[in-house]
Amino acid sequence: METPKTYEPLKAEEKWYAHWMEKGYFHSVPDDREAYTIVIPPPNVTGVLHMGHMLNNTIQDVLIRRARMLGKNACWVPGTDHASIATEAKVVQKLRQEGIKKSDLTRDEFLKHAFEWKDKHGGIILEQLKKLGASCDWERTSFTMDPGYSESVLDVFVDLYKKGRIYRGVRMVNWDPEALTAVSDEEVLHKEVNSKLFYVRYKIAGSDDQWLTIATTRPETILGDSAICINPNDKRFTHLHGKQAIVPISNRIIPIIQDDYVDMEFGTGCLKVTPAHDTNDYDLGKKHNLETIDIFNDNGTLNEKGLHYDGLDRFEVRKQIEKELYDKGYLVKTEDHINKIGFSERTNAVIEPKLSLQWFVDMKELAQPALENVMNGNIKFHPDKLKNTYKHWMDNVKDWCISRQLWWGHQIPAWYFGAGSEDYVVAKTADEAIQLATVKAGRTISISELKQDEDVLDTWFSSWLWPISVFDGLTNPGNEEIKYYYPTNDLVTAPEIMFFWVARMIIAGYEYMGDIPFKNVYYTGIVRDKLGRKMSKSLGNSPDPIELIEKYGADGVRMGVLISSPAGNDLPFDSSQCEQGRNFTNKIWNAYRLVSAWDVREIEQPKSSIKAIEWFDAKFNQELAIINDLFDKFRISEALMAIYKLVWDDFCSWYLEMIKPGYEQPIDSKTIESTKDFFEQILKVIQPFTPFIAEEIWHLIRERKEGDDIIIAEWPKIKAVNQAVLDSFTKGEEVIINIRNVRKQNNIANKVKMDLFIKKNNEIDSSFDSVIVKMGNLSLLEYTETAISNANSFIVNSNEYYIPFGDSIDIEAEKAKLKEELDYTKGFLNSVQKKLQNEKFMAGAPDQVVVMERKKEAEALSKIAVLEEKITSLN
RNA sequence: GGGGGAUUAGCUCAGUUGGUUCAGAGCGCCUGCCUUACAAGCAGGAUGUCGGCGGUUCGAAUCCGUCAUUCCCCA
């Protein structure tokens, strides 16, 4: 049976993933080993895999696979998030297509539809992760609305309420008029848009024809105005102090107030104050005891306070009111204006600041340990610089609005028994609520009187418990698993959710476990397309990961997303990177083909092979130390690059070429065994990155006993590095490259053997001569006392190398080449000597540096001597 | 408006406490090769005022100031 010329990934991937699953290698149970734990950032339950997931999960898999090889008890917990707004929006949309309106359904009916949807689409993304090779412990798959999980969410709500950390209050919230729910500050995206600034004049009350002019971007909110505000220092408006103004159209009389909040430079210096519809105005309103006039319905249309605009959409009103203001002589002018507007992350609707009764978490004190323990390094961020962003947010942390006017999620465990604002209790179950309510009301409250809060909790109010609740740490505190796996080790996520999720997990960790939730946070970047645009479904610029896997193989795609993706930097993705990854797997495949095809005999081991083995052994260990260090620093893509070069350049281009027997020649058994040992070491090191091909070749290269799989093999241990061998090789390498250059410049085919004469002027290391002969395809390597005429020549370490080549040598060209090198060396010498003659340098520089400069000087001088002599000899 | 980054080769990025030829890597590009593992390959090669200007220093990609450009977060 012939081994195919190119690696065919798909079959191997299916085979080995099934094998790993069957062997239970991904499953972890607590034991004596050190635990290494990662909890997956749970994707939306109904989501599909996109490039961001690919990047994120590949990194996690690399970390977990390496930890497994390091002998740790590796546990990667997968799962999904119920994603209340996103999922509910999808279900509503699907029902609408079927002609069903959400408003026609009861809560229970709607939830039935939602669970059907979840059962149908939920977990698709987890199946896709398997194709990528993700070695998650699938027996531990969690969902934020699992019964046990839900229980812990409610426990935490009740607990925080009892501790006084949760309160209910009327606040300005970000209202999504499309989803009809409040959203958190973090779910609002601010974008710059071109809009208009409207200059509108208000008549001063009691005057005949005195006016003031305000500037606003939202003329429709005029109907909700409660005051005009001016800066008390503004000299232009001292005549307005204590006066009142008349609101256009509605003709209400409102006070003119003074506050230095007003920016005298912006607009006209007169600000209209609409406490119900602007966060800053709300604060002003509270400060000055202004009336709050809410003119909007929940869906963004105006209500009866909007007078004749009752029922019309806010944007339609903006158009119509412009005309009315103009017709009635109130509109002074309009100007083009760029301002930032908040959009809902989920529905893209323009967010309306709205006053409403919501539940909040008081964050100030909770945030303290979470801030401290990141700043003091108990939790490390990679890259470290993101600590600054974190600190800024935590220093200015605001209360967290946790109620959402949705049905899909954890229903808030608050129970109302009357119409008063305090007629409610917070309890996990209805039974408990009855008891509490009875006490609070001072009379017997029956179940029929009790009404549970209609709203659900923000999704992040459940996912902030993720590292704890996946191990039942709240419902079954102190259990064996939570003790063993918590705190987890590394978290891999996007900086976008640093506040939504990371910060809050740290808060919950301290509040409920008294400890950090993880030791390291690795922040990935945003995956962008070639034009630098964020990959998104709406732009349609995101490739389908599964198609990529089918085209390039999972290993190729894994490499493709990691190869240029340092922590915290965006990943400008192009499928050519997957091509590079696929080429790499193919390279390894062909190295295997080469090694497997040789005829092995009990013959003498060539000297060059002995040297090659010595060298690669040293080289491998040198690189392994570097790779381990890069892993420890979470420089994953650099570790990959180091491995890439180790395999491609050192192993394939140098080592295999050095030991490769001639065409149809056999290889000695010692060399082949050493080579297979090296190959195994290399497979181990690539296993975290390209697990499938590693496993495939692991089983092809040598007979394996049942259960001898690379996924659980031991990560190579570092042996002492023979630096002398590495140094000798470097010199030999330089000679070989020079020989290749001579061939190239003179068009001498590789198969033509050449002679090499060496005139020794300086110390010379001849230990790799046998390798030079082989790699240079030399018929002769000889040391000589005299220069050789009529030869190509080069200089390494002041020793002269000659390759005679009859008449075809171009003496002038050779001279020019030597002259050029001479000039460069003289210039170099000059700069070195300048330094050495500089008294300040000699006084200020450390000895080591001076010694180095002297050595450089000596080398340059000796090289110049050789070059000059050669040039003379050519004349 | 406030805060935080970033700026090094055509692209994506390394570059530790300022000091080895420190100006680097991968990709791309150029040249020559279908040399029996691999053309998804081999061998060789070129490319930079380290964003600008100023400063500190014997010495600056590295430290300081300033300007420019740009990204992110917050208001």
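Quick note on labels: first sequence line is chain A, next is B, and so on, each numbered from 1.
- Here A/N590 does not reach the OP1 or OP2 of B/A40: none of its side-chain N or O atoms lies under 4.0 Å away.
- Inspection of the A/S798 and A/S862 side chains reveals an N or O donor paired with an N or O acceptor under 3.5 Å.
- No contact: A/L386 has no heavy atom under 4.0 Å from any strand.
- Here B/C58 is the nucleotide among B/C42, B/A37, B/C58 with the atom lying nearest to any side-chain atom of A/K840.
- In this structure, A/R528 atom CZ and B/U70 atom P are separated by 15 Å, rounded to whole Å.
- In this structure, the CH2 atom of A/W589 is 16 Å from the P atom of B/A37, given to the nearest Å.
- In this structure, A/R582 reaches the bases: a heavy-atom distance under 4.0 Å links it to at least one base atom across the strands shown.
- Not one side-chain nitrogen or oxygen of A/K391 sits closer than 4.0 Å to the OP1 or OP2 atom of B/G3.
- Distance alone, capped at 3.5 Å, places no donor-acceptor pair between the A/N586 side chain and the A/R582 backbone.
- If you check B/C73, B/G4, B/A37 against the side chain of A/N388, the one that comes closest is B/G4.
- When ring centroids are compared, A/F651 and A/F678 stay outside the 6.0 Å threshold.
- A/K587 comes within 4.0 angstrom of a base, heavy atoms only.
- No donor-acceptor pair closer than 3.5 Å links the side chain of A/S653 to the backbone N or O of A/D650.
- Within the 4.0 angstrom heavy-atom criterion, only backbone atoms of the sugar-phosphate kind lie near A/Y644; the bases stay farther away.
- Across all strands, A/S653 comes closer than 4.0 Å only to sugar-phosphate atoms, never to a base (heavy-atom distances).
- The pair A/K633-A/D384 does not meet the salt-bridge criterion, since no charged nitrogen lies less than 4.0 angstrom from a carboxylate oxygen.
- In terms of phosphate contacts, A/K5 brings a side-chain nitrogen or oxygen within less than 4.0 Å of OP1 or OP2 of B/A39.
- In this entry the distance linking CD1 of A/I626 with C1' of B/A25 reads 13 Å, nearest Å.
- Within the nucleic acid shown, A/K645 comes within 4.0 Å of sugar-phosphate atoms alone, with no base atom in reach, counting heavy atoms only.
- For A/R504 (side chain) and A/F500 (main-chain N/O), a donor-acceptor pair under 3.5 Å exists by modelled atom type.
- Across all strands shown, A/N750 has heavy atoms under 4.0 Å from base atoms, whether or not it also approaches the sugar-phosphate.
- The listed nucleotides are B/G45, B/G26, B/C42; the one nearest the side chain of A/W648 is B/C42.
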Item checked: Protein proximity profile, nucleotides 11-16 of chain B - base contact B, sugar-phosphate-only contact S, no contact -, cut-off 4.0 Å on heavy atoms -> -SSSS-
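- In this structure, of B/U36, B/C73, B/A40, it is B/C73 that holds the atom nearest to the side chain of A/F499.
- Electrostatic pairing of A/E696 and A/K11 does not count as a salt bridge here, judged by no charged N lying under 4.0 Å from a carboxylate O.
- When heavy atoms are screened at a 4.0 angstrom cut-off, A/K385 is found touching the sugar-phosphate backbone but no base atom.
- Ion pairing between A/K619 and A/E623 holds under the 4.0 Å rule for side-chain N and carboxylate O.
- Counting non-hydrogen atoms under 4.0 angstrom, A/N741 reaches the backbone sugars and phosphates but no base.
- In this structure, CZ of A/R743 is placed 14 Å from C1' of B/C42, rounded to the nearest angstrom.
- Between the CG atom of A/L594 and the P atom of B/C42 there is a distance of 12 Å, rounded to whole Å.
- The side chain of A/R593 has B/C38 as its nearest neighbour among B/G26, B/C38, B/G4.
- Counting to the nearest Å, the P atom of B/A37 and the CD1 atom of A/I701 are 16 Å from each other.
- Partner assigned to B/C13 is B/G24, using Watson-Crick or G-U wobble distances below 3.5 angstrom.
- A 6.0 Å sphere centred on NZ of A/K551 holds no more than 12 heavy atoms belonging to other residues, nucleotides or ligands.
- For A/N583, the listed nucleotide lying nearest its side chain is B/G41; candidates were B/G3, B/A43, B/G41.
- Between the CD1 atom of A/I748 and the C1' atom of B/U35 there is a distance of 15 Å, given to the nearest Å.
- Ring-plane geometry between A/F584 and A/W648 is classed as parallel, the angle between the planes falling under 30 degrees on a 0 to 90 degree scale with a further cut at 60.
- A/E859 comes within contact range of no nucleotide atom at all, as no heavy-atom separation falls under 4.0 Å.
- Under the Watson-Crick and G-U wobble criteria, each requiring two contacts below 3.5 Å, nucleotide B/U69 is paired to B/A6.
- Look at B/U57: it lacks any Watson-Crick or wobble partner with both distances under 3.5 angstrom.
- Which of B/A37, B/A40, B/U31 sits closest to the side chain of A/T6 comes down to B/A40.
- With distances taken from any side-chain atom of A/A591 to the nucleotides B/A37, B/G2, B/A43, the minimum falls on B/A37.
- The shortest distance between the side-chain N/O atoms of A/T3 and the OP1/OP2 oxygens of B/A37 is not below 4.0 Å.
- Pair check for B/A43 finds B/U31; Watson-Crick or G-U wobble, both atom distances under 3.5 Å.
- Rounded to an integer number of Å, the gap from CD of A/Q665 to P of B/U35 is 19 Å.
- Distances from the side chain of A/N586 to the nucleotides B/C38, B/A6, B/C27 place B/C38 closest.
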